[in-house]
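Here the structure is laid out as structure tokens; the discussion comes afterwards.
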Amino acid sequence: MLFVIGRNNDREGVQGSIIILSFKEIRLSLEYELLTQRYHRIREIEALGFKSYGQRFDFTHTLAQIVEQYGDKTAEQLEPRVEVKVCGRIQTIRRMGKAGFAHLLQGGEKLQIYVRKDAVDEKSYALYQLLDIGDIVGASGYLFRTRTGELSVHVEQLTFLAKTLLSMPEKWHGLEDVETRYRQRYLDLIANPEVRKTFYKRAKIISSFRRQLEDRGFVEVETPMMQPIFGGAAAKPFVTHHNTLDIDLYLRIAPELYLKRLVVGGLDRVYEINRNFRNEGISTKHNPEFTMLEFYQAYTDYRGLMDLSEELLRQTAIDVNGTTEFEFDGRKYDFARLRRFTMREAIVEFWRAGDKPTLDQLMDPEWLSRHSSKATAGEALVDLFERVAEPHLLDPTIVYEFPVEVSPLAKNNPDDPRFADRFEILVAGMEIGNAYTELNDPQEQRRRFEIQLAMRERGNEEAHQMDEDYIRALCYGMPPTAGEGIGIDRLTMLLTGSKSIRDVILFPLLRPEGEIGLLKQLRSLE
RNA sequence: GGGCCGGUAGCUCAGGUGGUAGAGCAUUUGACUUUUAAUCAAAGGGUCGCGGGUUCGAGUCCCGCCCGGCUCACCA
């Protein structure tokens, strides 16, 4: 090897002892030393006749299949020999003289392999000696049990499949640095098995909803993510630009108005699972892009959706965890049933500051204005609810009877037009669902939009825009319909016990990292 | 955006009141043909997030900035 890495003790005026690498401005860091070492090892592996970045490898079993099929077999039961070909990433190596062990990791499962000099061909043994933790290899041989009883592959031939140039996180603690875990999720997935489980559960939640909705006759659609007019929620949008059309477009804050157009068009049961984008703060419960399930069912109302929500959540929990129970932040929860409160009942129930108000007082604009600084009675009621009741609503709860002022797309309650036929699903202090009987009267919808427009002119950036085509669609007649949105990320948090939304989003939004410094090193090696 | 906490070797972490940086894993060399946090012996590896300041001297104290976490505000 031509590279000897010496230190340049120029502080003492002494030239680097042996040889200074011939390129400049490369830190002689350990990281670089390891990179160089591994990079040159690739050539040695090639010299043995292996392809440095491997090729197709036809394994006979995944590691999970081996554990599943042979995990409980005794040494005797592994006779006659069970020949297998497996592959995976090297997690640990224990070399001892003329033999050694390694653990392979694949698909979240690991399996030990045993390589002894007199059991493999020369090439395989030479390869074994050159392997680094993190390399990806294939191994063929037969299953056996070691002296300590661990199911292992007695290797007869090793194959090289891919090289790692960078060091893997430590085997014992894994990767703990939260920033690195989010930025380099691939490393997080390799080093921390529970992360993999979380994202598999997330996938299961989504497939469970799909199956359940499709069993009920819902059809999945995709509506625009880039919209000339944004709507369907109260939120600030991201803006982008289309060059050829020369128009600004908004990344959608909700698919709602498009989905209801489809209901007008006769898609009576329709749903979409996709991203929404809201240009707002980031927190443990908020990521600027997040995934929402929205579904619309014609000829039902919000009460119908209460029942449906209960069924959906209960079954999703069972599909994911095998039970309706789950634990979040050290507390037990159960999706077996959802409590139901009107907003006013919840305020009365959890009122702690002296005499409880009456339900009538909670509808009295004067009384409300004395207890909240909000402009309208409806906003004041919501304000009180959020302060008085919401913090106590931990168990899964449906809160209904929302003021119409805060529900511009929901239908008024026929008995009391001050309220909208709307509910939210609250769990562990998080809003995970929002549903209502859809407003399908175009004249009333026009008035509501105009109120929103006035709010917008007063500086409320989150107020709705006018959407005349949506009004036009309603003018063709939308059947009585109820719609609901369920936050997939938050539901995933609950069902996986993740306290931060970033733990259920593979690549949460972070500030850019800046120069990594790897390119320079790779160039210098060429 | 405010408050609090953090950034030290590739990874996980130590570094009272300022005195020029340590451990374990990983890496390199040697020993070892059933180990498993393998073991034993030795070695190498650090712009202590970045930039200023105070000081004879700063990982440590002060100021500014960058990145992240928690939290409050806003939202789902």
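Just so we're on the same page: letters track the sequence lines, and every chain starts at 1.
- Note on S500(A): only backbone sugar-phosphate atoms sit closer than 4.0 angstrom, heavy atoms only; bases stay farther off.
- Among the heavy atoms of the strands, none lies under 4.0 Å from N279(A).
- Taking only distance into account, the side chain of R147(A) never meets the base of rU34(B) through a donor-acceptor pair shorter than 3.5 Å.
- Going from atom CD of E44(A) over to atom P of rU28(B) covers 11 Å, rounded to whole Å.
- Remark: rC48(B) base-pairs with no nucleotide; criterion is Watson-Crick or G-U wobble with both hydrogen-bond distances under 3.5 Å.
- Out of rU12(B), rG44(B), rG69(B), the shortest distance to the side chain of D177(A) is found at rU12(B).
- Close to rA26(B), at under 4.0 Å from its OP1 or OP2, lies no side-chain N or O of R94(A).
- As judged by a 4.0 angstrom heavy-atom cut-off over every strand, L510(A) is placed among residues touching the sugar-phosphate backbone only.
- In this structure, W172(A) atom CH2 and rG24(B) atom C1' are separated by 12 Å, rounded to whole Å.
- Of the side-chain N and O atoms in R511(A), none sit less than 4.0 angstrom from OP1 or OP2 of rG49(B).
- Residue contacts shown for G433(A) are absent, as no nucleic acid heavy atom lies under 4.0 Å away.
- Base contact: F144(A) has a heavy atom under 4.0 Å from a base atom.
- Atoms CD (E461(A)) and P (rC74(B)) sit 16 Å apart, rounded to a whole Å.
- For rA41(B), the paired nucleotide is rU29(B), the pair qualifying as Watson-Crick or G-U wobble because both relevant distances are below 3.5 Å.
- Straight-line distance from the CG atom of L151(A) to the C1' atom of rU35(B): 15 Å, rounded to whole Å.
- For the pair R456(A) and E461(A), the salt-bridge criterion is not met [side-chain N within less than 4.0 Å of a carboxylate O].
- Comparing rC63(B) with rU20(B), their P atoms sit 25 Å apart, to the nearest whole Å.
- For S283(A), no side-chain nitrogen or oxygen approaches OP1 or OP2 of rC74(B) to under 4.0 Å.
- Between rA26(B) and K171(A), a contact under 4.0 Å exists linking OP1 or OP2 to a side-chain N or O.
- Of all nucleotides listed (rU27(B), rA37(B), rC32(B)), rC32(B) comes nearest to the side chain of K98(A).
- When heavy atoms are screened at a 4.0 angstrom cut-off, E150(A) is found touching base atoms of the nucleic acid.
- Under 4.0 angstrom from either OP1 or OP2 of rG68(B) there lies at least one side-chain N or O belonging to R183(A).
- Using a 4.0 Å heavy-atom cutoff across all strands shown, L175(A) reaches sugar-phosphate atoms only and no base atom.
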Checklist entry - For Y400(A) and F419(A), what are the C-alpha separation, side-chain angles and deciding distance, and is it a ring pair (Phe, Tyr, Trp, His ring centres under 6.0 Å)? => result CA-CA 9 Å; Y400(A) 62 105; F419(A) 292 108; over 10 Å; no
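- If you look at Y250(A) and F230(A), their ring centroids are closer than 6.0 Å.
- Residue-level contact check: R181(A) touches neither bases nor backbone, having no heavy atom under 4.0 Å from any strand.
- One interatomic measurement links the two molecules: CD of Q112(A) to C1' of rA38(B), which rounds to 11 Å at whole-angstrom precision.
- Side-chain polar atoms of Q112(A) and T146(A) form no donor-acceptor pair below 3.5 angstrom.
- Taking the side chain of T146(A) as heavy atoms from C-beta on, and the options rU28(B), rU35(B), rA26(B), the nearest nucleotide is rU35(B).
- A234(A) comes within contact range of the sugar-phosphate backbone alone, with a heavy-atom separation under 4.0 Å but no base atom that close.
- Side-chain N or O atoms of D177(A) include one that pairs as donor or acceptor with a backbone N or O of T180(A) at under 3.5 Å.
- If you take CZ of R95(A) and P of rA41(B), they are 20 Å apart, rounded to a whole angstrom.
- Here R116(A) lies in heavy-atom contact (under 4.0 Å) with a base.
- In this entry the distance linking CD of Q91(A) with C1' of rA26(B) reads 14 Å, nearest Å.
- Whole-Å rounding puts the E179(A) CD to rC70(B) C1' distance at 15 Å.
- With RNA chain B read from its 5' end, the first of the two nearest nucleotides for I432(A) and R41(A) is the one closest to R41(A).
- In this structure, F326(A) has its ring center closer than 6.0 angstrom to the ring center of Y333(A).
- For rG24(B), its base sits under 3.5 Å from the side chain of E170(A) at one donor and acceptor pair at least.
- Taking atom P in both rG59(B) and rG18(B), one finds a spacing of 13 Å when rounded to whole Å.
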Item to check | side-chain contact (heavy atoms from CB on, under 4.5 Å) between Y436(A) and N434(A), intermediate numbers included | outcome: CA-CA 7 Å; Y436(A) 38 83; N434(A) 182 19; 4.2 Å; yes
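- Among the protein residues, N276(A) comes within range of no part of the nucleic acid, since none of its heavy atoms lies under 4.0 Å from any strand.
- Checking rC70(B) for Watson-Crick or G-U wobble geometry (two distances, each under 3.5 Å) identifies rG3(B) as its partner.
- Among the atoms of the strands shown, none is found under 4.0 Å from any heavy atom of K117(A).
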